Protein chains: 2
Amino acid sequence: MTLRHKDETSTCRLVGDVLARIGDKWTVFVVRLLADRPMRFNEMKRSIDGISQRMLTLTLRGLERDGLVTRTVFPTVPPRVDYELTDLGQTLIHMLQGLGTWAIEHQPTIFAARAAYDARE
Amino acid sequence: MTLRHKDETSTCRLVGDVLARIGDKWTVFVVRLLADRPMRFNEMKRSIDGISQRMLTLTLRGLERDGLVTRTVFPTVPPRVDYELTDLGQTLIHMLQGLGTWAIEHQPTIFAARAAYDARE
DNA sequence: CAGAATCCCGGAAGATACTG
DNA sequence: CAGTATCTTCCGGGATTCTG
C-alpha cells in the first residue's frame, strides 16, 4: 500500500520517538535484564556494568512513564523496590530480539565496510 | 536457548551499536526517503523538514561508512551526487517497518500512560 | 536500600559564512 | 549544486554528596 507524504513523515516521527526511547545508552540493558524476572534497584545496578545510579534512575523513570515498566514499593525497613516489565514492555523484547538478530547477522559486513572506508582516506 | 551472561551483554552492546547508528535524529528520515529511489543531496534536504545541510552530510557519511548507502558523483557542471541504499541498507527498511508497526500499534497506550504519569505529580 | 540534588564536562546538533 | 569550516549552544551523562 502506498502512503501519502504526510503519513510517511508522521510515521517517521513515530519511529523516531520509539528510537529516542529505546535508543539511549542504557534502556536496552535494563529491558534485557527485566526480561528474565522482576528486579530490585541495586540488583540491577550491580548487574549493569558501568551504569551510575543516576542514569539507572532516569532510565527506569522514563520506562515507567511510558508504561513499559512498573515500580512497586514495599514499605519495609530497609525499603525495597521491585521493577517489572508490563505487558507492553514485554512486546518490546521481541523488537529488541529482531534488532539483535539483524545486528549479529550483518555485523561482519558493517565492520568490513567501515574498515574499507577508513582505509580509503 | 539460554545464553551465558557474557553473550547476553555483548549482544546488548551490539544492539546498542545498531541503535546508535539508526537511532540518531535524522537517519530514519534519510533511509525512509532512499527506500523509494536514489536521490540527490538538495532534493533530500528539501524533503526532510528542519534538517541542516551539515547534519544531512554527517548522516549520509555515517551511512556510507557502514556500507548502508552508496555515494555516486557525476562529474558534470554543476556537480550532481546521487545517494542510494545498498543491499544491506535495504535490509534496514524491514527493521524500520517493524519498528513502525510497533509504534503505530502501541502509540495510544504509551500516550495514555504518559498522560496518567504526568497527571499524578 | 533506593533514591534526590548538585556540579561539571564533552559531544551532538543548529546557525552562519564560505567554496570548487 | 554539494558540500566544508567555524562558532556556539544545548543536553546527555558521569562523579560526588546528601537523605528518608
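Residue numbers start from 1 in every chain, and the chains themselves are labelled A, B, ... in the order their sequence lines are given, proteins ahead of strands. The structure presented is a predicted model; accordingly, all values stated were derived computationally and were not measured.
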Item to check | Short side-chain N/O contact to dA2(D) OP1/OP2 from R80(B), under 4.0 Å | outcome: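 No.
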Checklist entry - So does Y83(A) get a side-chain nitrogen or oxygen closer than 4.0 Å to the phosphate oxygens (OP1/OP2) of dG3(C)? => result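 For dG3(C), OP1 or OP2 has a side-chain N or O of Y83(A) closer than 4.0 Å.
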Measure from the side-chain heavy atoms of [X] and tell me the nearest of [options].
{"X": "R40(B)", "options": "dA4(C), dT4(D), dA2(D)", "answer": "dA2(D)"}
{"X": "R61(B)", "options": "dA2(D), dT4(D), dG3(C)", "answer": "dT4(D)"}
{"X": "R54(B)", "options": "dA13(C), dG14(D), dG3(D)", "answer": "dA13(C)"}
{"X": "D24(A)", "options": "dG13(D), dG14(C), dA2(D)", "answer": "dG13(D)"}
{"X": "Q53(B)", "options": "dA17(C), dG13(D), dA2(C)", "answer": "dA17(C)"}
{"X": "M55(A)", "options": "dA2(D), dG14(C), dG13(D)", "answer": "dG13(D)"}

Checklist outcome for this item: Given Watson-Crick and G-U pairs under 3.5 Å, DNA chain C in dot-bracket ([ ] crossing, | other strand) is ||||||||||||||||||||
Next on the checklist: Within residues 41-52 of chain B, which residues have any heavy atom lying less than 4.0 Å from an atom of DNA chain D?
Outcome noted: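 Residues of residues 41-52 of chain B that come under 4.0 Å of DNA chain D are, in numerical order, F41(B), N42(B).
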Checklist entry - When you measure from every atom of DNA chain D, which of residues 63-73 of chain B have a heavy atom less than 4.0 Å away? => result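 Hits under 4.0 Å, by residue number: R71(B).
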Checklist entry - Between W26(A) and P79(A), who's closer to the 5' end of DNA chain D by nearest nucleotide? => result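 Comparing both residues, the 5'-ward one is W26(A).
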